[in-house]
Every structure is written in structure tokens, then in C-alpha cells.
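Worksheet: the structure to be examined is printed underneath.
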Number of protein chains: 2
Amino acid sequence: MAAESQRKATVSSTVEDYLKVVLKIEDMKQRASTSRVARHLEVADATVTDMLRKLKKAGLLEYKPYYGATLTREGRRMAVRILRRHRLLEMFLHQVLGYGWEQVHQEAERLEHAVSDLFISRIDALLDFPSQDPHGEAIPDARGFRQVEDDLCLAEAEPGSYSVRKVTNSDPEFLAYLDRVGLRPATRLSLQEKAPFQGPLKLLPESGREPVYLGLEACRSIFVLPRKDRPPASASAPDGPASREAGTRGSRK
Amino acid sequence: MAAESQRKATVSSTVEDYLKVVLKIEDMKQRASTSRVARHLEVADATVTDMLRKLKKAGLLEYKPYYGATLTREGRRMAVRILRRHRLLEMFLHQVLGYGWEQVHQEAERLEHAVSDLFISRIDALLDFPSQDPHGEAIPDARGFRQVEDDLCLAEAEPGSYSVRKVTNSDPEFLAYLDRVGLRPATRLSLQEKAPFQGPLKLLPESGREPVYLGLEACRSIFVLPRKDRPPASASAPDGPASREAGTRGSRK
DNA sequence: GAAATTTATTAGACTGATCTAAAAATGAGG
DNA sequence: CCTCATTTTTAGATCAGTCTAATAAATTTC
Ligand SMILES: [Mn+2]
Ligand SMILES: [Mn+2]
Ligand SMILES: [Mn+2]
Ligand SMILES: [Mn+2]
């Protein structure tokens, strides 16, 4: 063997989307099973089985029948490349063309396959090499290097002070809602209480005065960073005086 | 019949390109024959025969076997829409992302199918509703209205003073060459002589001091406007104290 | 640990876009 | 009007991506 290795293998936009989904699933520390991939792409399971076999043959991922897929080095490289394009495009649409954060995803989902490398490098420079997209997600750099994301899922957070790090949901309705109640990346908020039995969280975004009650499910797509807790205050507060958190310079809006 | 009429018919990018080519051929006052369409798209004739039948069935063009195609109202509407997108995108790439005029076509050829109407209207506004693309071609307006283009093919022009109106050629090499010798939209030049027997034309672009000898064939893609002939003046030096050159800010490398 | 449920694969088909090779129509010239 | 070169269509295939229905493997439940 050892016959592959011609760089520049060019793949269809369909393949790019499959790879991106597998990456996303792996990032969530889940198994990229046939049905999971199928759900993300909204295609039939049988279609995925087929495609995974093809992608394995193309050397882009490992595939064990009845188990699922794992990206190879090359497959991951391609997936990260598309992820970078996607997020850079979202930032471009938001910053340069004035798209709302709930509008960017859909457009980027198509453009990521259509623009050239030149286009990407031009918008990268135009945006001054941003490190995050409008949802607060990290943009891999040109060499495919990805920032570590050490944030906390709001659904698992304890009452306290936080700031919104990212929102991993692309449903326009949902995003428009968050925007309305004043929850977007960099917003500071305090989690005031969590109702028991999968109940909603009571949040106070720094912007709006009104508290917001958000269902637990919805909170799963919001990620936050703990903040050096509010003024002296009372007991509780399981914090550490903020140690980590290097990299990730914010620049957005 | 009378069963069509559901607006919003969405077509593939392949279909969009077919329609655009038929429009282009019709604009050149030629018959959109199978083989001519095939040549423009670089596909086999048989492929075109097939597609033209499909497009006829879809109501986008008339198709007479052994004769060729003619756009219907609806087909023309779609074709003009893509043409608008293409040219607006070229202008955007040139003005906003600093692409050279020889680089824009290829990228626009893909993007024209991938961007949304929102994207188009945003770049249109950003560019302040331009009426021409970087090659000097008219950009149809949002309602599909197309400016009449009353220009003259340089290949058919008599010696005299002209200004370059548009260049209808998308070969990057060729465009880069024209750029180098100082021939681009809005450039003033004098056609000094035409060699007989399909010989080259001797041109003096206002910018460069050197005369340029351009083959007749090449001149077929350059269109000019006659200018109120050079000042009284003597024989040579058809200059003007540097006035021209509005639009098209150059920035490339 | 067998049955029931869930998940995955196989089989068979379809659509859109393309090709090559062969057959047929067109049109120019004699 | 007949012949031949050119253009076009027809026939038959392929490839990517998708589907549904049937079958089979894996996992969960009792
Ligand atoms: Mn997105
Ligand atoms: Mn996509
Ligand atoms: Mn063009
Ligand atoms: Mn195109």
C-alpha cells in the first residue's frame, strides 16, 4: 500500500459536511454512530452506512460496522478546515455584512463549501484574524490549531456569577430569543436558582433588569465562565481564584 | 395547461449555468444551438440535448430539436438574476476583498449559486449599488432591468480616440496582460492603425507611453466608446492632463 | 438467557448530471 | 436530386447521493 498521500484530495460538499459532523460528535465526546451522524445530517441511516464505508475507503475515517466512525488524521484535517471556514464566514457575515447572529449559520453552511482559500484568507485579514465566531466558538487557525475550550455548561452550573462564553445552537428562533432577553457571548449574568426536577434556571443577565427563566434543555447549549464572584457576599461559592484560562483573547464586537 | 406559475421554482446550480449560457449566446445575437451551448459549458453535446429537453419541460426555455433553445420569460428572469449575482459578486470581490480583475470571475462562478438573496442585497448596498462590474459590464438591477450597452467592438473600430468600455473575456492570463499594458475599463486610448489581413491593432493607451500591438482576435473582446476626438493638436500625443480613472480602486499585490 | 427493542446493514431503486458510441437529420455542393 | 460532412439526437452506461423495506446484529429487559 502506502499509495495514498497525494495531498489536495478534493472532496464534495457532501463529504465535507459528513466529516464536520463526525468531528462535532467526537468533540462532544460521543461515539460517531451511524444513527447519530444520520440525525445530525438529517439523512436516512442507510445513507450514512454507505457513506461511512466510502469515507473509510478514502482514508478519511476509520469505520467499524455496528460501532461507528473515527476521523483519521487526514479526515480531521479536512473537518477542521471546514470548521474554520464556517466560523470565519459567520464572523464575516456578522461583522461586515451586518447579519444577525441567528442568520449567519445557515448562510455559512453553504458558503463554507463554495469559497476559495483566497477568499478565506482575505476575510481573515479583513476581520483582523478573529479567534471567535459570533456564537463565541473558537475559530481554528490557518494551520488547523484549535484553542482549548474550558467552559462550563450552564445546565450544570451552580448558582453564582458567570459570563456567557458561547452558545452552541444554531436554531434561529432560539438565538433570536436569547438576544431578546439579553443573553449573548460576553454577557455577564448571575445564575440565581435552579428549580428542581429538571426545572428552569433563573438567570439575571447584567444587561436586562428582568430575570429570565430558561428551561434546563435550553441551558445545555449555553456555556459560561465563572467570574470572580460578585461582591463579598455570603457563603457557598465553590470557586478557585481563577487560575487557567490562558489564550482565547476576546475581541468581538 | 396553464399549470406552471408556482413562483420560487428552485433550480440546481447546473441549471443556472445552462440558463446563463443561453442568455449570453442570445445576447451575442447567435442561435443557442446544442453544440454552442456545449462548447460554452464544456460538456458533451449529448448532455446538452438532454438538458435542453428538461429545461423545456420545466418551462424555462423553448427547444426545437435540431435547432436550439430560446429562453422563456421565466428562464430569462432566472438567467438575469444569476448574471446580476455574478457581476455584483465580482465587484464585491474586487472592491472589498481586493481581488484582481483577473481573479474575480472564477470565484463568482461558484458563489453566484451559493449566496442568499440577503447576501446579495447586503453587498449591493455596501458597494453603493454599482452599475458595472470590474470588467465594465453592466450589472442588472434588482428588478432584472438591464442597461442598454451601446459600445463598439474594438476589432471593428476605425482609427481614432476611444475609451475602454468593457472587456468580455474571463481568461486570467489575458486580463493580467491587458492590465500590464494599461488597458482596463475607463482607460482612454487611441487606435492608431489596423494592420491589414487580420493583422494586429496599434493602440496607445493614455496611461502607458508605449504603443501596444494587439491581435485582432484579442480585440474582439474589448469594447470601446468613441470620444470627442482628441484636442485639435497635431499628429501625435493624444493625451489629457490625467483626469480619468474613477471607480475600480486597485489594491492587489 | 431468551424475548423484545433498538440500532445497523443489505438489497434494490431512483434522480440528476454526465459520458461514449452509434444512428439519424440537416444542409452544401455538385 | 444525390452525396457527404457536420450537427444533433438516441441508446446505453456510470457515478454520487439519496431513499424505503427487509433483514440482521446488538443491547436491554424481564
Ligand atoms: Mn454555525
Ligand atoms: Mn455545509
Ligand atoms: Mn465574469
Ligand atoms: Mn456558475
Side-chain angles (χ1 to χ4, degrees), chain A residues 8-22 25-26 28-71 75 78-79 82 109-110 112-114, chain B residues 6 8-22 25-26 28 30-71 75 78-79 82 109-110 112-114:
Chain A
K8 291 290 86 187
T10 193
V11 299
S12 68
S13 61
T14 307
V15 166
E16 291 180 336
D17 280 339
Y18 272 84
L19 295 175
K20 213 175 51 165
V21 161
V22 174
I25 295 173
E26 290 185 349
M28 295 190 297
K29 271 111 179 76
Q30 294 181 314
R31 187 165 58 90
S33 63
T34 302
S35 59
R36 197 124 53 193
V37 172
R39 229 169 321 110
H40 281 268
L41 289 168
E42 305 188 83
V43 297
D45 290 9
T47 308
V48 174
T49 300
D50 234 65
M51 183 58 93
L52 293 184
R53 269 202 262 101
K54 279 187 222 162
L55 296 184
K56 179 197 166 99
K57 177 140 46 179
L60 300 174
L61 45 75
E62 285 317 317
Y63 167 57
K64 267 240 310 281
Y66 294 100
Y67 174 77
T70 324
L71 292 172
M78 286 189 178
I82 300 299
E109 199 54 63
R110 273 170 293 114
E112 63 190 0
H113 313 290
Chain B
Q6 331 80 322
K8 291 290 90 184
T10 194
V11 299
S12 68
S13 61
T14 307
V15 166
E16 293 181 335
D17 281 339
Y18 273 83
L19 294 174
K20 212 175 51 166
V21 161
V22 174
I25 295 172
E26 290 185 350
M28 294 189 297
Q30 294 180 315
R31 187 165 58 92
S33 65
T34 303
S35 60
R36 196 123 55 193
V37 172
R39 231 172 317 110
H40 281 268
L41 289 168
E42 305 187 84
V43 297
D45 289 9
T47 308
V48 174
T49 300
D50 234 65
M51 183 59 94
L52 293 184
R53 268 202 263 101
K54 278 187 224 164
L55 296 184
K56 179 197 166 99
K57 177 139 45 176
L60 300 175
L61 45 73
E62 285 315 317
Y63 166 58
K64 266 247 301 287
Y66 294 99
Y67 175 77
T70 324
L71 291 173
M78 286 189 179
I82 300 299
E109 199 54 63
R110 274 170 292 113
E112 63 191 1
H113 313 290

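In the text below, chain A, chain B and the rest are named by the order of the sequence lines, each starting its count at 1. Only this structure's heavy atoms are used, side chains among them; waters, hydrogens and symmetry mates stay out.
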Item checked: A/L55 side chain reached by A/M51 side chain, heavy atoms, under 4.5 Å -> yes

Note to self: What I'd like to find out is whether the side chain of A/L60 reaches to under 4.5 Å of the side chain of A/V11, using heavy atoms alone.
What the structure shows: yes

Next item on the list: Scan B/T47 against the nucleic acid and name what it touches under 4.0 Å (heavy atoms): base, sugar-phosphate only, or nothing.
Entry: base

Check: Under 4.5 Å between any side-chain heavy atoms of A/V22 and A/H40, yes or no?
Finding: no

Next item on the list: May I ask you to verify if any side-chain N or O of A/T14 is less than 4.0 angstrom from the OP1 or OP2 atom of D/dG17?
Entry: yes

Notebook entry, point to check: Starting at the 5' end of DNA chain D and moving along, which residue's nearest nucleotide shows up first, A/P65 or A/A46?
Noted result: A/A46

Note to self: In whole Å, I'd like the distance from the NZ atom of B/K64 to the C1' atom of C/dA25.
What the structure shows: 14 Å

Next item on the list: Can you tell me the distance, in whole Å, between the CG atom of A/D45 and the C1' atom of D/dA26?
Entry: 15 Å

Checklist line | For atom NZ of A/K57 and atom P of D/dC15, their distance in whole Å | finding: 11 Å

Item checked: Nucleotide of C/dC19, C/dA8, D/dT8 approaching A/T34 most closely (side-chain heavy atoms) -> C/dA8

Checklist line | Distance test, side-chain N/O of B/S35 to OP1/OP2 of D/dT6, below 4.0 Å | finding: no

Margin query: How many whole angstroms separate atom CE of A/M51 from atom P of D/dG17?
Written below: 4 Å

Notebook entry, point to check: Can you check the B/L52 CG to C/dA17 P distance for me, whole Å?
Noted result: 13 Å

Next item on the list: Take atom CG of B/L55 and atom P of C/dT18, then tell me their distance rounded to the nearest Å.
Entry: 11 Å

Margin query: When you measure from the side-chain N and O atoms of B/Y18 to the phosphate of C/dT18, is any distance below 4.0 Å, counting only OP1 and OP2?
Written below: yes

Next item on the list: Determine the minimum heavy-atom distance between A/S13 and A/H113, stating which atoms define it.
Entry: CB-CG, 3.3 Å

Checklist line | Atom-pair distance (OH on A/Y66; C1' on C/dT10), nearest Å | finding: 8 Å

Check: Taking the side chain as C-beta and beyond, is there a heavy-atom pair between A/E16 and A/E112 under 4.5 Å?
Finding: no

Checklist line | Distance test, side-chain N/O of B/S33 to OP1/OP2 of D/dT7, below 4.0 Å | finding: no

Notebook entry, point to check: For B/R53, which contact category applies under a 4.0 Å heavy-atom criterion: base, sugar-phosphate, or nothing?
Noted result: sugar-phosphate

Check: Given atom CG of B/D50 and atom C1' of C/dT20, what is their separation to the nearest angstrom?
Finding: 13 Å

Notebook entry, point to check: If you find the nucleotide of DNA chain C closest to B/S12 and the one closest to A/V48, which residue's nucleotide is nearer the 5' end?
Noted result: A/V48

Next item on the list: Output the single nucleotide from C/dA17, C/dA8, D/dT20 whose closest atom is nearest the side chain of B/V15.
Entry: C/dA17

